[in-house]
Amino acid sequence: MKYIMDIMPALMSGAWTTIWVFALTLVLSIPLGIVLSLGLATTSKNPLAVAVRWVLNIYTWIFRGTPLLLQLIFVFYGLPTIGVVFDRGSAVIFAFVLNYAAYFAEIFRGGFQAVARDQFEAATVLNMTRWQTLRYVIIPQVVKIVMPSIGNEVINLIKDSSLVYVIGLGDLLRAGNIATARDVTLVPLVLVGIIYLLMTFVLTMVQKQLEKRFAFYR
């Protein structure tokens, strides 16, 4: 027990890095993903809309088709060669937000396209404005549709945060690895696993509560 108490401060410090990477990425990437999804979901034949949709498709293809680890290395070690320099924390958030926004954009695009078109027409008959239609009719249904997929991505995000070790940022897993190598024991890694399980358990409970909250849209 004394050994566990001795290494817990280092593990908690690493856990704090994991938490702020997770929180900042989530807060920034979900709104960005929603905005991008509107461009992806549009069926307009306007040349500008077509060009925007083409660019967004290329963006999501690149960020969903290459490993997050590679993107992180490219941002921190590659961009400085062309004069774009990030500190470690900014590089992590920049790469993570772009990567997760691409996934969220595709998830929300599917959600918007799953809502029946005649609901827009029904809202128009009821003299609802476009914003009222989105706020009271479309968005609640989209949120319910995408909730399971968003929940899976959020849980993946808490685990992907361990990738920040590649640019020397001290997260939870790195703190556990250092203690394991130094003390030649698996206890730190077991504690790291328990802390990750606790964090994903909390997220799973939150997701279930949100799913119950939107269950009345069946």
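Along the sequence shown, the residues carry numbers beginning at 1.
- Annotation: side chain of V154 is not in contact with side chain of Q207 (no heavy-atom distance under 4.5 Å).
- Here Y165 contributes atom OH and T17 contributes atom OG1; the two are 16.0 Å apart, rounded to the nearest 0.5 Å.
- Counting only distance, with no hydrogens or angles, the side chain of Q71 and the backbone of T66 share a donor-acceptor pair below 3.5 Å.
- Nearest heavy-atom pair across V146 and G111 is CG1-CA, 3.8 Å.
- The closest donor-acceptor contact from the side chain of S37 to the backbone of I34 lies under 3.5 Å.
- Aromatic ring pairs are classed by plane angle as parallel below 30°, tilted from 30° to 60° and perpendicular above 60°; the pair F96 and Y100 is parallel.
- Pairing each heavy atom of D171 with each of S162, the nearest pair is OD2-CA, 3.1 Å.
- Residues L189 and N177 are in side-chain contact: their nearest non-hydrogen atoms beyond the backbone lie under 4.5 Å apart.
- Counting only heavy atoms from C-beta outward, the side chains of L98 and Y59 approach each other to under 4.5 Å.
- Going from atom CZ of R174 over to atom OG1 of T18 covers 12.0 Å, rounded to the nearest 0.5 Å.
- Considering CG of L172 and CD1 of I195, their distance stands at 5.0 Å, rounded to 0.5 Å.
- To the nearest 0.5 angstrom, I138 atom CD1 is 8.5 Å from F112 atom CZ.
- Note that OH of Y103 and CG of L68 are 8.0 Å apart. Values are rounded to the nearest 0.5 Å.
- F22 pairs with exactly one of V27, D160, L157 by the side-chain contact (heavy atoms from CB on, under 4.5 Å) rule, that one being L157.
- Between L173 atom CG and L11 atom CG the span is 10.5 Å, to the nearest 0.5 Å.
- Panel note: side chain S13, backbone P9; no donor-acceptor pair is recorded below 3.5 Å.
- You'll find the side chain of V92 stays beyond 4.5 Å of the side chain of F86, heavy atoms only.
- Between the N46 side chain and the L48 main chain, a donor and an acceptor come within less than 3.5 Å of each other.
- Hydrophobic clustering, with ILVMFWY side chains joined whenever heavy atoms are under 4.5 angstrom apart, keeps V52 apart from V50.
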